[in-house]
Structure formats: C-alpha cells, structure tokens
Amino acid sequence: MRNEILKILRDKAPEPVSGEELAKQLGITRTAIWKHIQTLKKEGYGIEAYTKKGYALTSVPDKLLPSEIMAHLHTRFVGRAICYEESVTSSNEVLKKLADKNAADGTVCVAEEQTGGKGRLARGWFSPKGKGLWFSLLLKPSFLPQEAPKMTLLSAVAVVRAIREVCQVEAQIKWPNDVLLNGKKLVGILTEMSAEFGHINYLVVGIGINVCVPHDMVPEELRPAAISIADAVEGKVDRVALLAKVLDYLESYYDIACREGFGPILDQWRDYSITLGKQVKVIAPDKTYVGTALDIDETGALQVKKEDGTVETVLAGDVSI
Ligand code: BTN
C-alpha cells in the first residue's frame, strides 16, 4: 500500500495530492492514509502536509529501498524481486541461501553495508555503509556451465555502460572484469555458480561499486589502488538511479547473450577494454611473464604474445598493465 501511495505522490510531485483523493484511489480511509504517511516519513521520505491541499513528496531517502529502485527500473525480470538489508555479511552469501530456497530468477539482494564482503581470489571487499552499491543478482541460465565465466565479462560491460551514462566518466575494463577509473579500481565482480555436469542450477553475480567511499576511510593497503565515482565527478551520485541502470543493462545484455550467444558482448567488452594492445604482466596460477595483450578469444580468455613471439592463452589469474 505504501508503494502505491508513493507512486501517486511521485507522479504528481511537486504538486500535492489530497488525503481524500488518495483514500478514494486506494480504497482505504483517510486515517489509514495518514498512518502510512507517518511511516514513510519515519523511513526518511520528505512529505509535506498542506492544509486543504494534501501531501506532497519533497525528497526521497538516500537509501537503496526496493520501492525507489523499482520506480527507476525498466526490466522484465531482473530486480523484480529485491531483498534489501541494512547490513549483511555478504550479499552473495544471502542470495545463495535464497537461491537454495528457490528464489525467483532475477532476484537481487542489495545491502547498505557488508561486514564480510567477498572478493576474488579469497580477498575481501571493503563495503562501508551507504557509500557504494553492494549487490548480487541471481540468474538461472540455460547455457552450459563452461559459458558461466563470460557472465562476469557481460556484467563488467553492463556496469561500465551504466556508469558512463549515469555519471559521465570514462570507466574501462581490465581483463577479466575489473572496472577501472583513472587506472584505479572502481568496481569488483564476483560470480559464483551452483552446477552439475552440463547444467547450471544458478549463478550469483556479485557487484561492488565504490560510489562515494571517502579516500581516508579506505584501508591503507588498498588506498593507492582504489577510487570512487565521487572522486572523479562533481555533485552527488544518485545510487538508486545508477543501480537501476546497471540492472537494466544486465538484463538487456543477458537477453542478447541468451538469444545470439556472447559474440556481441565480447565485442562491446573489447571497446571498453584498457588491457588490449598494452604491455602486461601476467600472474597465472602456475607462472608469471610479460607480453602484449592481443585479444580475447571466444571463451573470454586473454591472448598474450610473449617476448619470444609465442602466444599464451590466459584462462585465469591476474594481469597488471
Ligand atoms: C573483486 O575482488 O574484484 C570482486 C569483488 C566483488 C564484491 C561484491 S560486493 C557485492 C557482492 N558481495 C560480496 O561479498 N562480494 C560481491
């Protein structure tokens, strides 16, 4: 009911809507409307009450509330169910538990804070309260488990496009899926999979975007290599609008991949890549070497031409530019 009240207020804002009109449209009493308005105010919504004219929405809270995200979304199934938490250990962990209880395809778990955020290669992910987008998306694709790593590349493409559009900054992708801004890490993506031979039960794509993490709040050892969007743009970044745009692009690229395969996604990845054409140092699980990053192949693996002219295919590991 509160979401419906909000929708009516939002559509009319900044003009007020009378309590009588709200009560009539929603089929409840004016007293019930008044009670819902008090609850919304407690949640942080700015709602002015004008005598005889009614209620006007003046501001929305700086929180990733499902009602706010939904108001910005244009998706068919991604983000149509949202689990919102003030604080979690890790949104990936929460979503995996929901997935095991059969949560719907496209369910999103978003948190204001993570106390045990997980990164790649058993690292952590610093996720302070209200300073970023820390969220995970559940997908149940019909493609084969060996295709799953390409979902991380797809996610990086969706995130970069959304950040470029909403924040007007030139984010780029470092292979395989780090999103950088001014050469520093802005976004991390961690995809986890539950699968059997030949069948994916589900994927959990976890995305962390540093929106406005104050530089001196970042743990010292991470500080030189980390950046937030707010470090590069003037004014406040609308976290809700950015999250909704990322979800919009995740769904549209996922639809393309399901319909046409990952080819078009890999092309877009190449456009956003900071790695291709550069001298790189490859730290693979079994060896370290330098060379020139030539391209990614159809599996998403990086091809690196070594100084002796041979070409290595990098399936996993880290690459520094
Ligand atoms: C990386 O190491 O680059 C990947 C970091 C992934 C962080 C995100 S934040 C939301 C989701 N929940 C987690 O615990 N990790 C991912």
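The basis for the numbers below is simple: all heavy atoms, side chains too, and nothing from hydrogens, waters or symmetry mates. Both counts, for ligands and for their atoms, begin at 1 and track the order of listing.
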### Message
Determine whether Lys287 and Glu312 satisfy the following criterion, salt bridge (Lys or Arg N to Asp or Glu O under 4.0 Å), listing intermediate values before the conclusion.
### Response
CA-CA 11 Å; Lys287 56 187 168 192; Glu312 290 270 350; 3.3 Å; yes

## Note on the structure
For Ser91, the atoms of ligand 1 under 4.0 Å from one of its heavy atoms are 10 (C), 11 (C), 12 (N)

## Note on the structure
For Ser90, the ligand 1 atoms with a heavy-atom partner under 4.0 Å come out as 12 (N), 13 (C), 14 (O)

### Query
Does the N or O separation between Lys118 and ligand 1 drop below 3.5 Å for any pair?
yes

### Query
Got the closest protein heavy atom to atom 3 (O) of ligand 1, with its distance?
Lys185 NZ, 2.6 Å

### Summary
For Ile207, the ligand 1 atoms with a heavy-atom partner under 4.0 Å come out as 8 (C), 9 (S), 10 (C), 11 (C)

### Message
If you count every heavy atom of other residues, nucleotides or ligands that lies below 6.0 Å from His74 atom NE2, does the total exceed 12?
### Response
no

### Message
Below a 4.0 angstrom heavy-atom separation, can you tell me which part of Arg123, side chain or backbone, both or neither, approaches ligand 1?
### Response
neither

### Task
Pull out every atom of ligand 1 sitting under 4.0 Å from any heavy atom of Gly119, numbered as shown with elements.
1 (C), 2 (O), 4 (C), 5 (C)

### Message
Check the orientation of Tyr254 and Phe77. Use parallel for under 30°, tilted for 30 to 60°, and perpendicular for over 60°.
### Response
tilted

### Task
Would you please test Arg161 and Glu165 for salt bridge (Lys or Arg N to Asp or Glu O under 4.0 Å) and show each step?
CA-CA 6 Å; Arg161 180 143 183 210; Glu165 254 177 59; 3.6 Å; yes

### Query
So which heavy atom in the protein is nearest atom 12 (N) of ligand 1, and how far is it from that ligand atom?
Gln114 OE1, 2.9 Å

### Message
With the threshold set at under 4.0 angstrom, would you say Ser127 reaches ligand 1 through any of its heavy atoms?
### Response
no

### Query
Can we call the ring centroids of Tyr55 and Tyr50 under 6.0 Å apart?
no

### Worked verdict on Glu68 versus Lys63 for salt bridge (Lys or Arg N to Asp or Glu O under 4.0 Å)
CA-CA 8 Å; Glu68 290 306 306; Lys63 286 193 173 178; over 6 Å; no

### Query
Quick one: does Asp216's side chain get under 4.5 Å of Val218's, heavy atoms only?
no

### Task
Determine whether more than 12 heavy atoms belonging to other residues, nucleotides or ligands lie under 6.0 Å from atom NZ of Lys305.
no

### Query
Quick check: does Arg120 get an N/O under 3.5 Å from an N/O on ligand 1?
yes

## Note on the structure
Gly117 heavy atoms within 4.0 Å reach ligand 1 at atoms 14 (O)

### Message
I want to check something: taking the side chain as every heavy atom from C-beta on, are Asn177 and Ser155 in contact at a cut-off of under 4.5 Å?
### Response
no

### Task
Check each heavy atom of Glu93 against ligand 1 and say whether those closer than 4.0 Å belong to the side chain, the backbone, both or neither.
neither

## Note on the structure
shortest atom 5 (C) of ligand 1-to-protein heavy-atom contact is with Trp125 CE3, 3.4 Å

## Note on the structure
Any heavy atom of Ile189 under 4.0 Å from ligand 1? The part involved is backbone

